[in-house]
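Following: one structure in structure tokens, then a few remarks.
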There are 2 protein chains.
Amino acid sequence: MATGRSTQHNPNPAAGTRRSRGRGIPDATVARLPLYLRALTALSERSVPTVSSEELAAAAGVNSAKLRKDFSYLGSYGTRGVGYDVEYLVYQISRELGLTQDWPVVIVGIGNLGHALANYGGFASRGFRVAALLDADPAITGNVVAGLPVRHTDEMEEIIRSERVSIGVITTPPGAAQQVCDRLVAAGVTSILNFAPTVLNVPDGVDVRKVDLSIELQILAFHEQRKAGDEYRDDDGPTEADADAEVPSAPAAAVVSTPERAVAPGHGHGHEQGQEYEEAAG
Amino acid sequence: MATGRSTQHNPNPAAGTRRSRGRGIPDATVARLPLYLRALTALSERSVPTVSSEELAAAAGVNSAKLRKDFSYLGSYGTRGVGYDVEYLVYQISRELGLTQDWPVVIVGIGNLGHALANYGGFASRGFRVAALLDADPAITGNVVAGLPVRHTDEMEEIIRSERVSIGVITTPPGAAQQVCDRLVAAGVTSILNFAPTVLNVPDGVDVRKVDLSIELQILAFHEQRKAGDEYRDDDGPTEADADAEVPSAPAAAVVSTPERAVAPGHGHGHEQGQEYEEAAG
DNA sequence: ATGTCTTTGTGAACGCGTGCACAAAGATGG
DNA sequence: CCATCTTTGTGCACGCGTTCACAAAGACAT
């Protein structure tokens with residue numbers, strides 16, 4: 001998933017030393033801990049005292065062996081023959097994720113998405129406190145969103161320092177993202193959640209996670225196309241059967257159903273749809 | 001990423017056969033294609049004719065060797081000594097992702113997030129057409145959002161069939177997500193983008209990708225905590241013993257219940273804090 | 001206590017993804 | 001045409017993540 005890897009994604013080693021030494025928890029495991037926590041919280045609310053790896057895995061949508069291995073990185077919190085104590089595990093995972101402390105965050109860019117995030121209950125319920133909403137547009141500043149006044153980005157540095165904000169959320173249009181990012185980092189933010197469809201450059205020691213709504217849809221479209229193509233494919237015919245066996249010879253092998261206009265002819269932008277790719281946001 | 005995301009994510013094997021046969025493109029590569037496409041589109045708009053793997057990799061935020069390997073799965077579209085033809089590559093990637101065709105989507109749950117997505121420019125600009133906005137709340141249906149009327153979920157099946165919708169986006173509260181999912185699938189949807197913090201159960205052949213905003217923040221919090229704790233240079237300690245590694249930070253007030261039973265046998269230290277987690281959702 | 005049953009925790013094998021490093025391919029200049 | 005330079009395409013090795021399968025550990029009944 002998300003990514004992310006990201007996907008598990010662009011986790012720069014940060015701080016040099018490999019996280020393998022000591023009590024390093026694999027990134028893939030860390031990414032799943034919130035899933036377990038959510039499932040455990042639901043069990044806790046139903047006053048379920050203990051849960052087996054099999055049950056919890058099903059609730060979290062993962063393999064039970066994977067779940068047990070994940071938990072083994074945290075320590076041995078289970079009881080053989082019984083399972084895991086729900087409340088205890090909730091606490092341990094919360095602590096491991098750092099959710100037992102308060103994390104003030106700022107959201108920059110109060111457009112549609114920023115507005116939605118400000119109202120998102122999933123933040124406040126997990127120790128994340130919205131310290132401020134920021135926007136550069138004077139037409140927006142002053143408005144009250146989710147009970148908070150939208151403040152001007154001029155106040156960014158002051159707010160970050162006084163509130164000791166270390167996490168920033170960027171929901172600005174892509175053109176403004178890098179600049180906002182730079183200011184956040186300069187003011188002391190060391191973790192950024194980026195919703196703008198842009199690659200952010202940050203110094204070492206700063207973590208960036210990105211969420212791109214359109215990328216997820218594009219990945220779905222790929223699989224969807226592949227599914228549809230299993231029935232009948234108007235373009236792209238030759239495949240299967242041969243790919244693994246012999247490829248090396250003809251370079252054209254991969255260019256199977258190349259459209260008439262092979263190489264970027266004088267056709268302006270080569271999209272059938274006539275759709276212009278624009279980085280609109282907000 | 002996660003996603004990675006993916007997330008890295010939760011790529012359920014789906015459809016039995018491994019995608020490795022034939023012209024299978026690795027999942028990790030598919031997840032990056034949209035990134036390349038975005039960077040290429042930007043170059044295209046600046047009328048840049050060709051680009052080297054090094055340049056494009058920098059623009060996309062990845063390693064150049066990785067980029068070349070990714071492209072090698074699509075075929076040999078580059079020219080040695082020169083680089084890649086921008087327009088041609090834009091077309092090839094678009095085609096591979098299935099973006100050269102029209103993808104009608106429905107968005108179910110027009111709360112804050114659904115509202116934001118309906119207005120999100122990144123969808124329409126890539127071949128995704130919002131066929132309908134749906135909500136179960138009579139107070140919301142009828143409203144016009146992003147130029148489209150919000151229709152009642154009673155019309156879901158009809159719309160999906162008549163518009164041939166195969167992709168659905170769920171932005172409902174978690175309690176309604178599974179039910180909505182079931183109806184979507186029954187009506188013919190085979191790809192789902194789920195924003196509700198719930199594990200969706202779907203039959204084989206249906207792809208689900210999830211985006212959980214709070215999970216991303218929790219992952220950031222983990223790394224942030226680790227950064228703060230690095231001052232201690234804590235070296236391995238097989239387990240417990242360091243449970244209350246209090247970080248020198250602001251007094252976090254979020255402290256509630258202390259379930260007594262929580263202490264599992266064999267673990268000497270208790271936990272002094274507990275936090276109530278609720279699945280609130282916009 | 002002892003035996004049986006359940007479930008954890010983990011060693012080991014495997015597969016995927018990543019990145020290095022280099023040969024091949026083509027451009028370019030003389 | 002030959003030499004040189006640039007950049008692609010990829011073989012290979014390595015490390016991470018996943019999964020299997022099973023021994024160890026504890027609960028529970030007798």
Side-chain angles (χ1 to χ4, degrees), chain A residues 1 3-13 18-21 24-33 49-58 61-85 88-89 247-251 253-255, chain B residues 1-13 18-21 24-32 49-58 61-85 88-89 238-239 264-267:
Chain A
M1 301 238 312
T3 3
R5 193 342 170 286
S6 103
T7 213
Q8 24 337 64
H9 298 204
N10 66 342
N12 34 1
R18 211 66 191 131
R19 61 136 182 72
S20 51
R21 267 289 162 271
I25 300 178
D27 287 338
T29 295
V30 172
R32 281 188 294 269
L33 291 183
T50 61
V51 65
S52 70
S53 64
E54 204 68 50
E55 294 168 322
L56 184 55
V62 303
N63 179 294
S64 70
K66 193 188 296 184
L67 178 143
R68 287 198 299 276
K69 178 140 290 190
D70 282 343
F71 285 175
S72 78
Y73 293 118
L74 306 183
S76 296
Y77 295 151
T79 304
R80 299 178 190 225
V82 175
Y84 299 91
D85 181 283
Y88 185 61
L89 204 43
V247 174
S249 56
V255 196
Chain B
M1 72 114 100
T3 287
R5 81 220 271 224
S6 175
T7 182
Q8 312 38 81
H9 309 113
N10 68 340
N12 37 358
R18 211 68 189 127
R19 56 128 185 74
S20 51
R21 274 291 163 272
I25 299 177
D27 287 339
T29 294
V30 172
R32 280 188 294 269
T50 62
V51 65
S52 71
S53 63
E54 204 68 49
E55 293 168 323
L56 184 54
V62 303
N63 178 296
S64 70
K66 193 186 298 183
L67 178 143
R68 288 197 300 276
K69 180 145 289 191
D70 283 343
F71 285 175
S72 77
Y73 292 118
L74 306 183
S76 297
Y77 294 151
T79 304
R80 299 178 189 224
V82 176
Y84 299 92
D85 182 283
Y88 186 60
L89 205 43
T239 21
H267 300 293

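Since the structure is predicted, the reported quantities are computational estimates derived from the model, not experimental observations. Atom set for the values below is all heavy atoms of this structure, side chains included, hydrogens, waters and symmetry mates excluded.
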Please write out each protein N/O paired with an N/O of nucleotides 5-9 of chain D under 3.5 Å, distance rounded to 0.1 Å.
unit_1	atom_1	unit_2	atom_2	d
dT7(D)	O4'	Gly81(B)	N	3.0
dT8(D)	OP1	Ser53(B)	N	2.5
dT8(D)	OP2	Ser53(B)	OG	2.6
dT8(D)	O2	Arg80(B)	NH1	2.9
dG9(D)	OP1	Gly78(B)	N	3.1
dG9(D)	OP2	Tyr84(B)	OH	2.6
dG9(D)	O4'	Arg80(B)	NH2	2.9
dG9(D)	N7	Arg68(B)	NE	2.9
dG9(D)	O6	Arg68(B)	NH2	3.2

Mind listing the N/O atom pairs, protein and nucleotides 11-13 of chain D, below 3.5 Å?
unit_1	atom_1	unit_2	atom_2	d
dG11(D)	O6	Lys69(B)	NZ	3.2
dC12(D)	N4	Lys69(B)	NZ	3.1

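Taking both residues in full, the closest heavy atoms of Gly78(B) and Tyr84(B) are given as CA-CD2, 3.4 Å, listed atom of the first, atom of the second, then distance.
Atom CZ of Arg32(A) sits about 12.0 Å away from atom CD1 of Ile25(A), to the nearest 0.5 Å. Distance check, rounded to the nearest 0.5 Å: CG of Leu56(B) to CZ of Arg68(B) gives 11.5 Å. Rounded to the nearest 0.5 Å, atoms NZ (Lys66(A)) and OG (Ser53(A)) are 13.5 Å apart. To the nearest 0.5 Å, the span separating NZ on Lys69(B) from CG on Asn63(B) amounts to 11.0 Å.
When the P atom of dG26(D) is taken as reference, atom CG of Asp85(A) falls 16 Å away, rounded to whole Å. Computed from coordinates, the Arg32(B) CZ to dG17(C) P distance equals 8 Å when rounded to whole Å. At whole-Å resolution of the value, CG in Asp70(B) and P in dG19(C) are 11 Å apart. Protein atom CG of Asp27(A) is 11 Å distant from nucleotide atom P of dT18(D), rounded to whole Å. Between Lys66(A) atom NZ and dC16(D) atom C1' the separation is 13 Å, expressed in whole Å.
Within the 4.5 Å cutoff, the side chain of Tyr77(B) has heavy atoms near those of the Tyr88(B) side chain. Taking the side chain as every heavy atom from C-beta outward, Leu33(A) and Leu74(A) approach each other to under 4.5 Å. Put simply, the side chain of Asp85(A) does not reach to within 4.5 Å of the side chain of Thr79(A), judged on heavy atoms.
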